[in-house]
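Data block below; observations after.
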There are 2 protein chains.
Amino acid sequence: MFSIQIMRMSEGVEWALHECLNLTWLEPGEAVTAARLAKFYELPAAYLNKQLQALARAGILESTPGPRGGFRLARRPEDITVMDVVAAIEGPESAFRCQELVRRGPGDHEGVDYRKTCSISQTMRRAELAWRRELAAVTLADLKETVETRNPTVPGEVRRGFARLKV
Amino acid sequence: MFSIQIMRMSEGVEWALHECLNLTWLEPGEAVTAARLAKFYELPAAYLNKQLQALARAGILESTPGPRGGFRLARRPEDITVMDVVAAIEGPESAFRCQELVRRGPGDHEGVDYRKTCSISQTMRRAELAWRRELAAVTLADLKETVETRNPTVPGEVRRGFARLKV
DNA sequence: GGCACCATACTCGGATATAAACTGTCCGAGTCCCTAGGG
DNA sequence: CCCTAGGGACTCGGACAGTTTATATCCGAGTATGGTGCC
């Protein structure tokens with residue numbers, strides 16, 4: 001009743017970030033199937049698979065079909081930013097898309113691109129740029145190091161967790 | 001096919017911002033009906049009314065029923081930030097809502113609030129804070145002044161536009 | 001014993017249903033204005 | 001001529017459908033593997 005509508009980010013973003021972070025703790029070349037990744041957090045496997053495919057198309061993950069196949073990081077953790085992952089899932093477009101409302105109002109609008117000149121559009125774009133900059137400043141390697149510092153047992157738990165899971 | 005899903009802001013936000021900005025150019029105490037505000041940009045009147053009500057609930061607009069009624073700004077333009085308007089339409093919650101995925105993974109999670117401690121959640125929250133800070137730094141008065149400087153004829157056009165419209 | 005071939009089981013990949021949210025619309029409650037009647 | 005009461009019209013406000021988007025699922029195409037038969 002009070003909040004008419006809420007802008008929200010797909011929950012798939014959180015899934016993707018956690019799974020990518022988990023993949024940083026595997027041995028180089030080792031792959032994990034979508035089924036195991038899903039089981040790790042009790043997520044719906046088929047739907048998580050969809051997100052993983054989006055990450056693969058974006059060049060963040062590599063996929064191998066067949067037995068002993070699965071997903072692994074396509075680049076070093078230092079070269080994958082949080083922004084990369086978010087953009088892969090949420091799409092490259094910005095949250096605010098100027099409809100050029102001003103053009104539909106009175107006055108002369110000959111050859112003016114209000115997506116660039118409209119001061120409201122500029123404000124929204126500047127804010128979104130600040131958001132992107134923050135996310136682009138953090139890499140998977142940063143997250144990895146932070147977690148390892150706070151709780152050194154996590155890497156081992158994750159590796160053993162994947163190995164132990166029965167699919 | 002390529003972009004699975006896109007985080008997008010409601011178009012109502014753009015409507016609300018433009019209409020609020022237009023209201024800054026009215027004489028103090030003067031009110032404009034939802035029908036006229038809609039006609040100004042050729043928007044669906046009943047749906048715009050919905051957004052205006054949200055702005056009224058948030059204390060940004062004041063509404064007067066009956067003849068000669070309508071909407072007007074409830075505060076001075078200097079005291080209304082772009083963030084206020086966005087929050088009124090999109091809701092006060094953040095776009096990224098931590099589901100505490102980690103809690104569903106292996107390990108001990110006794111009495112830990114991962115919405116605060118999870119490094120991924122922290123990163124997303126920090127980015128969203130930067131976004132909010134940018135939007136909170138711009139007021140309707142700032143937008144008003146920018147537009148008037150670039151195009152001094154706009155205020156008069158808006159006033160005359162509202163007066164001329166036949167509903 | 002070594003090698004090549006084949007059947008098999010396992011994996012990803014995209015096409016397909018279901019649920020939720022946004023968008024759009026309608027009609028009723030409340031309020032102000034204008035008019036008409038009376039003092 | 002002024003005041004007052006009533007009717008009417010106009011406005012917002014919240015409740016009600018239609019359409020797009022996100023969520024969840026299933027089955028088929030492709031590949032490495034392991035076994036088997038042949039040389």
Side-chain angles (χ1 to χ4, degrees), chain A residues 1-16 19 29-39 41-58 60-72 74 89-91 93 95-97 99 165-167, chain B residues 1-16 19 29-39 41-58 60-72 74 89-91 93 95 97 99 166-167:
Chain A
M1 169 188 176
F2 280 106
S3 52
I4 301 303
Q5 51 215 352
I6 57 169
M7 174 179 66
R8 59 198 190 80
M9 184 175 296
S10 166
E11 58 186 4
V13 170
E14 186 174 0
W15 300 1
E19 301 293 14
E30 193 175 356
V32 182
T33 68
R36 281 176 191 276
L37 288 169
K39 192 90 175 183
Y41 289 129
E42 300 291 343
L43 298 175
Y47 189 36
L48 174 63
N49 187 18
K50 209 178 176 59
Q51 323 285 356
L52 296 173
Q53 286 173 33
L55 293 171
R57 277 197 294 269
I60 296 174
L61 297 184
E62 279 178 355
S63 64
T64 307
R68 308 257 320 155
F71 292 91
R72 81 187 68 82
I89 302 295
E90 289 292 335
E93 302 174 26
F96 180 85
R97 294 172 322 303
Q99 302 177 272
L165 287 174
K166 301 299 179 195
V167 285
Chain B
M1 168 188 175
F2 279 105
S3 54
I4 301 302
Q5 53 214 355
I6 58 169
M7 174 180 66
R8 61 199 190 78
M9 185 175 297
S10 167
E11 60 184 3
V13 170
E14 186 175 0
W15 300 2
E19 300 293 14
E30 193 175 356
V32 182
T33 68
R36 281 176 191 275
L37 288 168
K39 192 89 174 183
Y41 289 130
E42 299 291 342
L43 298 175
Y47 189 36
L48 175 63
N49 188 18
K50 211 178 175 59
Q51 322 286 356
L52 296 173
Q53 286 173 33
L55 294 171
R57 276 196 296 269
I60 296 174
L61 297 185
E62 279 178 355
S63 64
T64 307
R68 308 260 316 160
F71 292 92
R72 81 187 68 82
I89 303 296
E90 290 293 335
E93 300 174 28
R97 293 172 324 302
Q99 302 178 273
K166 300 298 178 196
V167 286

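Note on naming: letters A, B, ... go to the chains in the order of the sequence lines (proteins, then strands), and numbering restarts at 1 for each one. These values consider heavy atoms only, across backbone and side chains, with no hydrogens, waters or symmetry-generated copies.
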Atom-to-atom span, [atom1] of [X] to [atom2] of [N] - whole angstrom:
| X | N | atom1 | atom2 | result |
| --- | --- | --- | --- | --- |
| B/Ile89 | C/dT23 | CD1 | P | 11 Å |
| A/Lys50 | C/dA17 | NZ | P | 14 Å |
| B/Glu11 | C/dC22 | CD | P | 12 Å |
| A/Leu43 | D/dT23 | CG | C1' | 13 Å |
| B/Leu52 | D/dG13 | CG | P | 9 Å |
| A/Arg57 | C/dC12 | CZ | P | 14 Å |
| B/Gln51 | D/dG13 | CD | P | 14 Å |
| B/Trp15 | C/dG24 | CH2 | P | 5 Å |

So which nucleotide from [options] ends up closest to the side chain of [X]?
| X | options | answer |
| --- | --- | --- |
| A/Gln53 | D/dC26, C/dG14, C/dT23 | C/dG14 |
| A/Phe71 | C/dA21, C/dG24, C/dG13 | C/dG13 |
| A/Asn49 | C/dT23, C/dG13, D/dT23 | C/dG13 |
| B/Thr33 | D/dA24, D/dT11, C/dT23 | D/dT11 |

**OP:** Say whether, by atom type as modelled, one donor and one acceptor occur between the side chain of A/Glu11 and the main chain of B/Gln99 under 3.5 angstrom.
**Re:**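 No.
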
**OP:** Examine distances only and state if a side-chain atom of B/Gln51 and a backbone atom of B/Ala16 form a donor-acceptor pair shorter than 3.5 Å.
**Re:**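 Flag not set: sc B/Gln51 to bb B/Ala16 has no pair under 3.5 Å.
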
So what does [X] touch, heavy atoms closer than 4.0 Å: a base, only the sugar-phosphate, or nothing?
| X | result |
| --- | --- |
| A/Pro67 | base |
| A/Ala34 | sugar-phosphate |
| A/Gly70 | sugar-phosphate |

Measuring to OP1 and OP2 of [N], would you say a side-chain N or O of [X] lies under 4.0 angstrom away?
| X | N | result |
| --- | --- | --- |
| A/Tyr47 | D/dT25 | no |
| A/Ser63 | C/dG13 | yes |
| B/Arg8 | C/dT23 | yes |
| A/Ser10 | D/dT23 | yes |
| B/Arg72 | D/dC12 | no |

Heavy-atom pair with the smallest gap, counting every atom of [X] and [Y]:
| X | Y | result |
| --- | --- | --- |
| A/Pro44 | A/Ala38 | C-CB, 4.3 Å |
| A/Gly12 | A/Ile89 | C-CG2, 4.2 Å |
| A/Arg8 | B/Arg97 | CB-NH1, 3.5 Å |

Original post:
Starting at the 5' end of DNA chain D, which residue's closest nucleotide do you reach first, A/Thr64 or A/Ala45?
Top reply: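 Closer to the 5' end of DNA chain D: A/Ala45.
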
Original post:
Closer to the 5' end of DNA chain D via nearest nucleotide, is it A/Pro65 or B/Arg68?
Top reply: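 Mapping each residue to its closest nucleotide by heavy atoms, the 5'-most match is B/Arg68.
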
Original post:
Side chains of A/Glu19 and A/Leu61: does their closest heavy-atom pair fall under 4.5 Å?
Top reply: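 Not in contact.
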
Original post:
5'-most contact on DNA chain C: A/Gly66 or A/Ala46, nearest heavy atom basis?
Top reply: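 The answer here is A/Gly66.
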
